[in-house]
Amino acid sequence: MKLYDTLTGEKREFAPLGVEVKVYVCGITPYAPTHVGHAMSYMAFDVLRRYLEFRGYRLRHVQNFTDVDDKIIRAATSQGVATPQLADRYIEEFLEDMDALNILRAHVYPRVTQEVPRILEMIQALVEKGYAYHANGDVYFRVGRVSRYGELAHRTLDSMIAGARVEPGEGKEHPMDFALWKAAKAGEPAWGSPWGDGRPGWHIECSAMAYHYLGPTLDIHGGGQDLIFPHHENEIAQTEAFTGARPFVRFWLHNGLLRLGEEKMSKSLGNLVTVREALARYSAEALRLYFLSSHYRSPLSYTDEGVASQERALERLRAALTPQDGSPSAAALDPDPYRQRFLAAMDDDLNTPQAIAVLFDLARAINRSREEGADVHRAQNTLRELGAVLGHSFTVAQPRDVDSSPFIELLIEIRGELRRHKQYELADRLRDRLGSLGIVLEDTPRGTIWKRERAAS
RNA sequence: GGCGACGUAGCCAAGUGGUCUAAGGCGGAGGUCUGCAAAACCUCUAUUCGUCGGUUCGAAUCCGACCGUCGCCUCCA
């Protein structure tokens, strides 16, 4: 299996260093509802995880919550709640959203507020080694000490300064130096430290947590492309300076960003669709199919038509899984060539668009073979199995509420009687009226089936 | 200004030197089935890959220029 590594800029054969694959994925800063851009990112890493496990690897997945930060403090003050309460609320929401999207939970979700002692240890060590220095209650990382600084972003320190948007910063020796520890302002959450009360800077928490939960070398570190610089660049600098071991990360994986209209979807720009809004309109599977229909490293635009079209596409895959009736009279359909193609696609840096194309090919083959009377049970099992690798179940997620089901079935029964007596006008009226209420009827050789149409407009 | 990515059918999106007269999905057209529908199935729907040059026996795929879009350089998945 090959994975594209941002650091080297090439696809390389992947194998974990030890018995388990060590995966760290950057989590969220919980101060606002989860949006579909997060969903896309975590879905990409969900598929990575499912595929690695499918390939027989054991895996340990750590994902942080940055639950102390300027934006959290600001949001908490403006809403008149304490920062831990605000963070807790959004963390809970985030986990619920991930569950709703069928994204597997990480094995560990460390939080900055619970890791401060370890973060302080790391900062202290960096100061002792000369990689960091103290200035007015802040502690900064000395970027100039790291000759490779900029290697992940493929930039040099000089070229970054030429960009000119660097703020000098009071106590900084070098404009690109970044804070490991920030002195507390009045009323802010703070912890004691050798440099006075304060809180961790933005990047150090990931270094400390990754080191503590996974060790000095990670097999895979993931996140959105917007984290490459400065966040991940700084993680490399901190961790390698601290451990003295190289490389900190063997494979850097970054997903392309979701756009809304012409711009990246982001909290700061305010152009976003929350996961809850999306799930109110579309099924989780349609959203998943939409995201996976594009390669994880490519940017993708979120559009209603796009997700809606996947809702219809999904119906085709589900239809291919409807049970076969009658006993097969022809040779069974052999799904192995499809399986091979699926694996080849996934082995090539998780080429989910191609893998999905294989699933549609297999679905078509199943439908065709079934009409010809061939045994499709094995092929259907393969479709189900490969779908599950992508996190799909293809089950008719019918919000079949107990209240109306018996009545709908009664109406269908009566319509059946009408049809038997060739009272088609009345029968069609029933079907039309149910249709306008969002209930779709289909007359099949096995009888009439119904399903609820998802409102999509 | 610096660094990087991308531009493939009506829409979305794979493919990155010959198997490509380019996968798959949505949409569209015709047909089979059906009381009529729906679903399913079959057939068709880019001789062409932003534009212009170049390299090569051969390019959507490599190189150059140009046009356009986006990302990072500041918080961000």
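To find a chain, count down the sequence lines: A is the first, B the second, and so on, and within it residues start at 1. Just so we're clear, the structure is a prediction, and the values are computed from it rather than from any experiment. Values below: every heavy atom of this structure, side chains too, minus hydrogens, waters and symmetry copies.
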If you measure from the [atom1] atom in [N] to the same atom in [M], how many Å do you get, rounded?
| N | M | atom1 | answer |
| --- | --- | --- | --- |
| B:U8 | B:C3 | C1' | 26 Å |
| B:C75 | B:C70 | P | 22 Å |
| B:C26 | B:U43 | P | 15 Å |
| B:A22 | B:U47 | P | 9 Å |
| B:G10 | B:A29 | C1' | 13 Å |
| B:A13 | B:G50 | P | 14 Å |
| B:G18 | B:A60 | P | 11 Å |
| B:U61 | B:U56 | P | 16 Å |

Contact class for [X] (heavy atom, under 4.0 Å): base, sugar-phosphate, or nothing?
| X | result |
| --- | --- |
| A:G27 | sugar-phosphate |
| A:R415 | base |
| A:S266 | base |
| A:I228 | nothing |
| A:S41 | base |
| A:T34 | nothing |
| A:G223 | sugar-phosphate |

Earlier contact from the 5' end, RNA chain B, for A:R341 and A:R370 |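 Result: A:R341.
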Nearest-nucleotide wise, let me know which of A:D226 and A:R364 is further upstream toward the 5' end of RNA chain B.
->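 Whichever sits nearer the 5' end wins; that is A:R364.
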Let me know the distance between [atom1] of [X] and [atom2] of [N], rounded to the nearest Å.
| X | N | atom1 | atom2 | value |
| --- | --- | --- | --- | --- |
| A:E315 | B:G27 | CD | P | 11 Å |
| A:Y302 | B:A77 | OH | P | 18 Å |
| A:L430 | B:G35 | CG | C1' | 16 Å |
| A:L314 | B:A39 | CG | P | 15 Å |
| A:N234 | B:C72 | CG | P | 16 Å |
| A:R431 | B:G35 | CZ | P | 12 Å |
| A:E372 | B:A40 | CD | P | 17 Å |
| A:D97 | B:A77 | CG | P | 14 Å |

Going through the checks in order, is the ring pair (Phe, Tyr, Trp, His ring centres under 6.0 Å) test met by A:F14 and A:F251?
-> CA-CA 8 Å; A:F14 174 79; A:F251 287 82; 5.1 Å; yes
Within the 3.5 Å criterion, strictly below it, is a donor on [X] or [Y] matched to an acceptor on the partner's side chain?
| X | Y | value |
| --- | --- | --- |
| A:T448 | A:E442 | no |
| A:T274 | A:H35 | no |
| A:H203 | A:E235 | no |

Quick one: which of [options] gets closest to the side chain of [X]?
| X | options | answer |
| --- | --- | --- |
| A:E263 | B:G24, B:G71, B:C26 | B:G71 |
| A:M40 | B:A77, B:C70, B:G24 | B:A77 |
| A:R368 | B:A77, B:C42, B:A23 | B:C42 |
| A:V440 | B:C75, B:A38, B:G25 | B:A38 |
| A:Q354 | B:C42, B:C36, B:A14 | B:A14 |
| A:F229 | B:C36, B:C73, B:C42 | B:C73 |
| A:E371 | B:A77, B:C26, B:A40 | B:A40 |
| A:M176 | B:U74, B:A38, B:C41 | B:U74 |
| A:S294 | B:C41, B:A39, B:A13 | B:A13 |
| A:Y290 | B:U69, B:C12, B:A40 | B:C12 |

Look at the side-chain N and O atoms of [X] and state whether any lies under 4.0 Å from the OP1 or OP2 oxygen of [N].
| X | N | answer |
| --- | --- | --- |
| A:N255 | B:A77 | no |
| A:R316 | B:C41 | yes |
| A:R419 | B:C36 | no |
| A:S298 | B:A14 | yes |
| A:K422 | B:C36 | no |

With both distances kept under 3.5 Å, what pairs with [N], Watson-Crick or G-U wobble?
| N | answer |
| --- | --- |
| B:C26 | B:G10 |
| B:U56 | none |
| B:A5 | B:U69 |

Please assess A:Y24 against A:F248 for the test ring pair (Phe, Tyr, Trp, His ring centres under 6.0 Å), listing each intermediate value before the final yes or no.
-> CA-CA 11 Å; A:Y24 186 95; A:F248 164 43; 8.0 Å; no
Would you confirm whether [X], through its side chain, and [Y], through its main-chain N or O, come within 3.5 Å as a donor-acceptor pair?
| X | Y | result |
| --- | --- | --- |
| A:T303 | A:G306 | yes |
| A:K172 | A:D177 | yes |
| A:N64 | A:P110 | no |

Interface polar pairs with nucleotides 3-5 of chain B, N/O, under 3.5 angstrom:
from, atom 1, to, atom 2, distance (Å)
B:C3, O2', A:H154, O, 3.3

Considering only NZ, NE, NH1 and NH2 on the basic side and carboxylate oxygens on the acidic side, decide whether [X] and [Y] come within less than 4.0 Å.
| X | Y | result |
| --- | --- | --- |
| A:R199 | A:D69 | no |
| A:R50 | A:D46 | yes |
| A:R105 | A:D99 | yes |

B:G24 pyrimidine/purine six-ring stacking with A:F360, under 5.5 Å and 30° =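 Not stacked by the 5.5 Å and 30° rule.
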With distance as the sole criterion, do the side chain of [X] and the base of [N] form a donor-acceptor contact below 3.5 Å?
| X | N | value |
| --- | --- | --- |
| A:D443 | B:C36 | yes |
| A:D428 | B:G35 | yes |
| A:R312 | B:G27 | no |

Check: A:F94 ring centre within less than 6.0 Å of A:Y42 ring centre |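 Yes - the distance between ring centres of A:F94 and A:Y42 falls below the 6.0 Å cut-off.
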